[in-house]
J.: 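I have a structure I would like to understand better, so I am pasting it below and will then ask my questions one at a time.
In listed order, ligands and their atoms are each counted from 1.
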Amino acid sequence: MNGSEKSLQERIETHIAELERFTATPGRGTTRLTYSPQDLGARAYLKERMREYGLDVREDGFGNLFGKREGTIEGAPSVLIGSHFDSVPNGGAYDGPAGVIAGLEVARLFAENGTRHAYPLEVFALIEEEGARFPGGLMGSRAMLGVLSKEEFARQTDKDGVTTIEAMRAAGLDPSLPGRREQGSIKAYLELHIEQGPLLEDSGIPVGVVDAIVGLAQVQITVKGRAGHAGTTPMNRRSDALVAASRIVAQLPDAAEGEEESTVVTVGRLNVFPNGANVIPDRVVFTVDLRSGAEEHVRSVLAKTKELALAAAGDGIEVEIEDQLYIAPKRMDESVRALLREKSGALGIAHRPISSGAGHDAMIFADFTAAGMLFVPSRDGLSHCPEEWTDAAHIADAVRIFHEAARALTEAE
Ligand code: GLV
Ligand code: MN
Ligand code: MN
């Protein structure tokens with residue numbers, strides 16, 4: 001490892017440590033909800049680094065952040081590179097930030113080398129990929145590409161009923177800024193992400209070139225019953241929303257296990273109302289997240305989920321189902337994958353193909369532009385938890401590959 005390589009690794013470690021400070025749960029992982037004080041802190045840090053690396057900083061009307069290095073062709077479409085900077089509750093320091101940092105460090109290498117290029121390079125840091133505050137996830141990319149209209153975006157509320165627009169204004173962000181990004185303004189999309197699974201570590205290979213991302217759907221199910229006294233209401237006179245919801249939840253694993261093995265289903269959020277120890281629950285609201293590498297299985301488990309949820313209705317129980325997200329499995333662009341393989345090979349960095357079981361903004365961009373992703377190993381395959389950790393040396397490998405790929409993609413044809 002030469003001197004400048006070591007300092008790239010150190011810079012990556014510094015960025016991770018600096019961003020990690022912006023958490024609502026110090027000592028219990030990263031909790032950085034969109035438009036929260038922690039978002040604002042991380043945002044300020046990223047803007048500062050963007051300016052330091054010679055980028056023109058801009059926010060859009062959704063709070064997505066961009067840093068642009070102009071090329072020689074005026075008005076030409078940009079090569080985008082980055083990831084998201086929100087987190088799940090009590091998550092890790094790498095899911096999202098690793099990719100934003102990779103974008104920043106590629107831009108720094110362009111600046112350091114005085115690279116001349118025809119097409120602009122644009123580093124991005126997107127909001128709300130995780131869906132931890134607002135429904136559905138992938139919100140920054142869906143909004144900026146018009147998959148979620150400005151009006152639909154404005155209607156989204158968090159669990160406390162606060163709308164996106166109210167939350168942006170409270171954070172001092174400006175929802176009236178331009179938001180929608182024209183398809184013709186993007187030439188290619190690159191995203192580095194931690195693998196979040198064990199395959200790279202187990203195979204001892206530092207870089208995965210992503211071939212495809214699973215299809216995923218999320219629904220929110222509301223089960224309504226009747227509240228009552230826990231001590232005085234006989235069992236045969238109850239319409240207990242939690243008992244009904246539990247029956248639905250308990251059947252979901254079987255619904256997924258009947259499909260091929262990449263098919264998974266998760267109930268990760270469940271709220272019981274009124275949530276009193278001696279009150280029969282009258283309302284339960286929970287999410288179902290289901291995924292598969294093949295769209296037919298996503299559709300099939302989605303249909304089974306709705307069927308068994310609706311079957312729980314009756315005897316004073318009502319069930320409502322709200323579709324919150326549906327995305328078919330997406331393949332990454334073949335020419336970008338070939339470029340990433342070529343540059344990894346030229347740099348002597350071992351790589352392998354890999355599929356993603358996690359959702360990424362790249363799934364949205366793949367419908368609009370040539371999108372490609374690299375994965376780097378996650379220690380013990382852990383992610384979405386405080387223990388999440390990735391070796392900065394592997395992130396540095398990915399930066400070097402992306403630097404070469406971005407140079408090629410920003411060159412005149
Ligand atoms: C994002 O991490 C997702 O896979 O939902
Ligand atoms: Mn995540
Ligand atoms: Mn992520």
Side-chain angles (χ1 to χ4, degrees), residues 16 19-20 23 25 29-34 38-39 42 46 64-65 80-103 124-142 189-197 199-200 208 210 212-220 256 262-269 287-293 298 324-330 332 354-366 371-378 381-390 395 398:
I16 289 286
L19 288 169
E20 198 173 16
T23 174
T25 53
T30 299
T31 303
R32 190 160 50 239
L33 299 189
T34 298
Q38 295 73 36
D39 166 318
L46 292 171
N64 293 316
L65 178 61
L80 294 185
I81 179 163
S83 189
H84 62 96
F85 71 109
D86 63 317
S87 81
V88 294
N90 304 94
Y94 294 80
D95 176 359
V100 176
I101 290 166
F124 64 89
L126 299 185
I127 57 144
E128 197 57 13
E129 189 267 353
E130 301 285 7
R133 178 163 188 186
F134 297 103
L138 309 173
M139 189 190 247
S141 52
R142 287 191 294 138
Y189 173 98
L190 298 174
E191 180 175 1
L192 164 76
H193 207 279
I194 56 167
E195 182 200 338
Q196 311 183 274
L199 299 182
L200 291 173
V210 177
I213 306 178
V214 285
L216 74 95
Q218 276 179 14
V219 292
Q220 178 170 281
S262 77
T263 309
V264 288
V265 64
T266 306
V267 174
R269 184 189 297 147
T287 52
V288 183
D289 175 300
L290 51 97
R291 306 177 184 213
S292 178
V298 180
Q324 295 196 319
L325 188 69
Y326 184 91
I327 307 177
K330 290 286 156 68
M332 296 292 97
I354 193 160
S355 298
S356 177
H360 298 289
D361 290 307
M363 311 172 78
I364 305 297
F365 280 90
M373 289 190 80
L374 289 181
F375 278 179
V376 284
S378 293
L382 291 173
S383 182
H384 282 187
C385 56
E387 293 74 25
E388 184 181 275
W389 186 85
T390 286
I395 299 176

J.: Looking only at protein heavy atoms, which one is nearest to atom 1 (C) of ligand 1, and how far off is it?
T.: E130 OE1, 3.3 Å
J.: At a threshold of 2.8 Å, where the distance has to be below it, does the Mn ion (ligand 3) have an N, O or S atom of H193 nearby?
T.: yes
J.: Decide whether S383 and E388 meet the rule of one side-chain donor and one side-chain acceptor closer than 3.5 Å.
T.: yes
J.: Is a side-chain donor-acceptor pair under 3.5 Å present for T23 with Q38?
T.: no
J.: Report yes if some heavy atom in the side chain of E130 is under 4.5 Å from a heavy atom in the side chain of D95; otherwise report no.
T.: yes
J.: Output yes when the distance from some N or O of ligand 1 to some N or O of A358 is under 3.5 Å, and no in every other case.
T.: no
J.: For atom 3 (C) of ligand 1, grab the closest protein heavy atom and report residue, atom and distance to one decimal in Å.
T.: R291 NH2, 3.3 Å
J.: Got a sec: is D95 within less than 2.8 Å of the Mn ion (ligand 2) via an N/O/S atom?
T.: yes
J.: For H84 and D361, which I'm curious about, is there any donor-acceptor pair between the side chains at under 3.5 Å?
T.: no
J.: Does the side chain of L46 come within less than 4.5 Å of L19's, by heavy atoms?
T.: yes
J.: For ligand 1, which atoms sit closer than 4.0 Å to a heavy atom of H384?
T.: 2 (O)
J.: Under a 3.5 Å cutoff, is there a donor and acceptor pairing between the side chains of S292 and T263?
T.: yes
J.: Quick check: of its N, O or S atoms, which one does E130 have closest to the Mn ion (ligand 2)?
T.: OE2
J.: What atoms of ligand 1 come closer than 4.0 angstrom to any heavy atom of E129?
T.: 1 (C)
